[in-house]
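Data first, discussion second: the structure below is written as structure tokens.
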Amino acid sequence: MTVPNVKLNNGTSIPQLGFGVWQVSDDGAHDAVAEALRVGYRSVDTAKVYENEAGTGRAIAESGLARDEVFLTTKLWNSDQGFDETLRAFDASLERLGTDYVDLYLIHWPVLEYDRYVDTFKAFQQIRDSGRAKAIGVSNFTVEALRRVIDETGETPAINQIELHPGLPQDELRAFHAEHGIATEAWSPLGQGESLTDAAVVEVAAAHGVTPAQAILRWHLQLGNVVIPKSVTPARIAENFDVFGFTLSDDEVARISALPGKRIGPDPATFNLR
Ligand code: NAD
């Protein structure tokens, strides 16, 4: 199965379908990532705060794949923001991952009240220029925070990884991203499992003889989102990767987009945890 690539604004590319490891122990992440790579995933999303960078890195190293065959993302935690702090935190992440570069480094949250994300992104530029992160981006950034980074650093982040699932299609941010050449990456793409029982999702899935998870992932892919579903169950890891053999109609995409829903995670406008 060939996963399409999404081209980033710095010329590198990310597989449109990857694998997330939030809320998985270090050993659990090792096993889940090993299984995902065996099934065919070639992109893995971790973060310092997940406390499983080591297990994730170990699974990649042991996979038998060349390092450049796997797209690896990690994220800077909020308490590490600031120019010098970021440089130190990045070194520590690389150490835990057991690699000498990541494909994508993300600022996990803007933490608007702390007001350090612009300096943090400047440190990201230095890291990228050193070759140790191939691309740099952000996560949970609002339009206002994106505008400030662009205006004050002269660089547009490659990706904004945001909460996005049926019921939270993020039309405003997706339009801003499209206008500025920022790739949209969806976190909690299955609504942490909550979206799987939505009536429209269940009906669309049945019409194609696929599972609700597969219908939702297909919806993301057709919207152009990069998507990183998580599971530790081998059958589900395989199921979530098997989403390239059918296509939703425009009407089916619109039905899923129109679902009433809500945010599951914190609102980035007010999330100031450090
Ligand atoms: P998700 O939407 O991927 O849902 C995962 C849950 O859905 C699983 O725990 C399981 O319960 C269920 N599930 C998965 N596949 C299924 C299937 N085929 N059938 C039935 N149930 C299934 O949720 P997530 O883990 O929150 O998000 C995915 C990834 O996004 C994370 O692992 C992480 O890498 C990333 N993420 C990033 C942020 C951020 O702030 N940047 C926040 C949350 C998550």
Side-chain angles (χ1 to χ4, degrees), residues 14-26 28-29 32-33 35-36 39 41 43-53 55-56 59 71-78 81 102-111 117 137-142 145 157 159-170 173 183-198 201-202 205 210-221 225-243 256 261-273:
I14 182 171
Q16 198 181 0
L17 174 64
F19 186 70
V21 293
W22 182 40
Q23 294 179 312
V24 187
S25 68
D26 195 57
V33 170
E35 180 63 15
V39 164
Y41 292 80
S43 170
V44 181
D45 181 271
T46 182
K48 181 220 177 165
V49 78
Y50 301 170
E51 297 184 343
N52 57 26
E53 288 177 310
T56 297
F71 190 103
L72 175 59
T73 301
T74 196
K75 312 184 194 82
L76 176 92
W77 186 239
N78 302 351
Q81 284 205 33
V102 296
D103 296 276
L104 179 64
Y105 197 35
L106 300 177
I107 302 178
H108 208 141
W109 291 86
V111 199
Y117 59 87
V138 297
S139 178
N140 300 302
F141 270 44
T142 58
I159 280 196
N160 190 15
Q161 184 185 113
I162 54 174
E163 181 179 346
L164 202 175
H165 43 74
L168 192 67
Q170 297 272 23
L173 266 172
T184 300
E185 185 170 29
W187 66 253
S188 294
L190 304 172
Q192 294 176 23
E194 287 181 21
S195 303
L196 298 168
T197 49
D198 281 327
V201 168
V202 171
V210 299
T211 66
Q214 289 171 321
I216 293 172
L217 292 171
R218 193 66 220 168
W219 171 79
H220 281 285
L221 296 172
N225 302 333
V226 177
V227 70
I228 45 169
K230 170 240 161 180
S231 176
V232 293
T233 309
R236 288 176 173 177
I237 292 173
E239 174 185 324
N240 294 347
F241 194 68
D242 184 14
V243 290
I256 296 178
K262 60 169 174 37
R263 205 180 268 292
I264 299 172
D267 185 344
T270 53
F271 186 63
N272 289 305
L273 180 71

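Whatever order the structure lists ligands and atoms in, that order sets their numbers, starting from 1. Here the structure is a predicted model, which means the values were calculated and not measured.
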Could you list which atoms of ligand 1 come closer than 4.0 Å to a heavy atom of G193? 4 (O), 7 (O)
Can you name the salt bridge (charged side-chain N to carboxylate O under 4.0 Å, His left out) partners of K230, sequence neighbours left out? none
Regarding ligand 1, does A213 bring an N or O atom to under 3.5 Å of one of the ligand's N or O atoms? no
Under 3.5 Å side-chain donor-acceptor pair for W187 and N140: yes
Starting from atom 4 (O) of ligand 1, find the nearest protein heavy-atom neighbour and note its residue, name and distance. Q192 CA, 3.3 Å
Any sub-3.5 Å donor-acceptor pair from R236's side-chain atoms to S231's backbone N or O? no
Side chains of residues 188-197: which donor-acceptor pairs under 3.5 Å do they make with residues two or more places apart or in other chains?
from : atom 1 : to   : atom 2 : distance (Å)
S188 : OG     : Q192 : NE2    : 3.1
E194 : OE1    : K262 : NZ     : 3.2

May I ask you to decide if L164's main-chain N or O and Q170's side chain share a donor-acceptor pair within less than 3.5 Å? no
Under 3.5 Å: donor-acceptor pair, side chain of Q214, backbone of E239: yes
What part of T46, side chain from CB on, backbone N/CA/C/O, both or neither, has a heavy atom under 4.0 Å from ligand 1? neither
Tell me: protein heavy atom nearest atom 16 (C) of ligand 1, and distance? R236 CD, 3.6 Å
With a 3.5 Å cut-off and no angle check, do the side chains of Q161 and D45 form a donor-acceptor pair? yes
Mark up the atoms of ligand 1 that fall under 4.0 Å of a heavy atom belonging to P229, in ascending order. 3 (O)
Heavy-atom distances under 4.0 Å are what count here, so tell me which part of V232 touches ligand 1: side chain, backbone, both or neither. neither
I'd like to know if the side chain of N160 reaches the main chain of F141, judged simply by a donor and an acceptor atom lying under 3.5 Å from each other, with no hydrogens or angles considered. yes
For atom 33 (C) of ligand 1, what's the nearest protein heavy atom and its distance? Y50 OH, 3.4 Å
protein heavy-atom neighbour closest to atom 25 (O) of ligand 1 works out as K230 CB, 3.3 Å
Minimum heavy-atom distance V39-A238, with the two atoms named: CG1-CA, 4.0 Å
Between T56 and E53, do the side chains contain an N or O donor and an N or O acceptor separated by less than 3.5 Å? no
With atoms numbered from 1 as shown, which atoms in ligand 1 lie under 4.0 angstrom from a non-hydrogen atom of P189? 1 (P), 2 (O), 3 (O), 27 (O), 28 (C)
If the contact criterion is a heavy-atom separation under 4.0 Å, does G265 count as touching ligand 1? no
Protein residue, atom and distance nearest to atom 32 (O) of ligand 1, heavy-atom basis: W22 N, 2.9 Å
Atoms in ligand 1 with a heavy atom of H108 nearer than 4.0 Å: 39 (C), 40 (O), 41 (N)
Ignoring angles and geometry beyond distance, decide whether L190 reaches within less than 3.5 Å of ligand 1 through its nitrogen or oxygen atoms. yes
Give me the residue, atom name and distance of the protein heavy atom closest to atom 21 (N) of ligand 1. L196 CD1, 3.3 Å
Need the ligand 1 atom indices (1-based, order shown) with element for anything under 4.0 Å from a heavy-atom of E239. 17 (C), 18 (N), 19 (N)
Note: S139, heavy atoms under 4.0 Å from ligand 1, region reported as side chain
Keeping the roles fixed (side chain from E35, backbone from I237), state whether a donor-acceptor pair exists under 3.5 Å. no
Looking only at protein heavy atoms, what sits closest to atom 15 (N) of ligand 1 is N240 ND2, 3.0 Å
Quick one: closest heavy-atom pair of Y41 and L17, and the distance? CE2-CG, 4.4 Å
Taking only heavy atoms of V21 into account, list the atoms of ligand 1 that are under 4.0 Å away from them. 32 (O), 34 (O)
If you take the nearest heavy atom of each of I228, V138, V44, I162, which one is closest to atom 35 (C) of ligand 1? I228
Contacting atoms of ligand 1, where contact means under 4.0 angstrom from a heavy atom of W109: 40 (O)
Without swapping roles, check the side chain of E163 against the backbone of I264 for a donor-acceptor pair under 3.5 Å. yes
Taking the non-hydrogen atoms of F19, is any one of them nearer than 4.0 angstrom to ligand 1? no
When you check the side-chain N and O atoms of T46 and N52, is any donor under 3.5 Å from an acceptor? yes
Quick one: which ligand 1 atoms are inside 4.0 Å of a heavy atom on D45? 33 (C), 34 (O), 35 (C)
Which residue and atom name correspond to the protein heavy atom nearest atom 43 (C) of ligand 1, and how close is it? W187 CE3, 3.1 Å
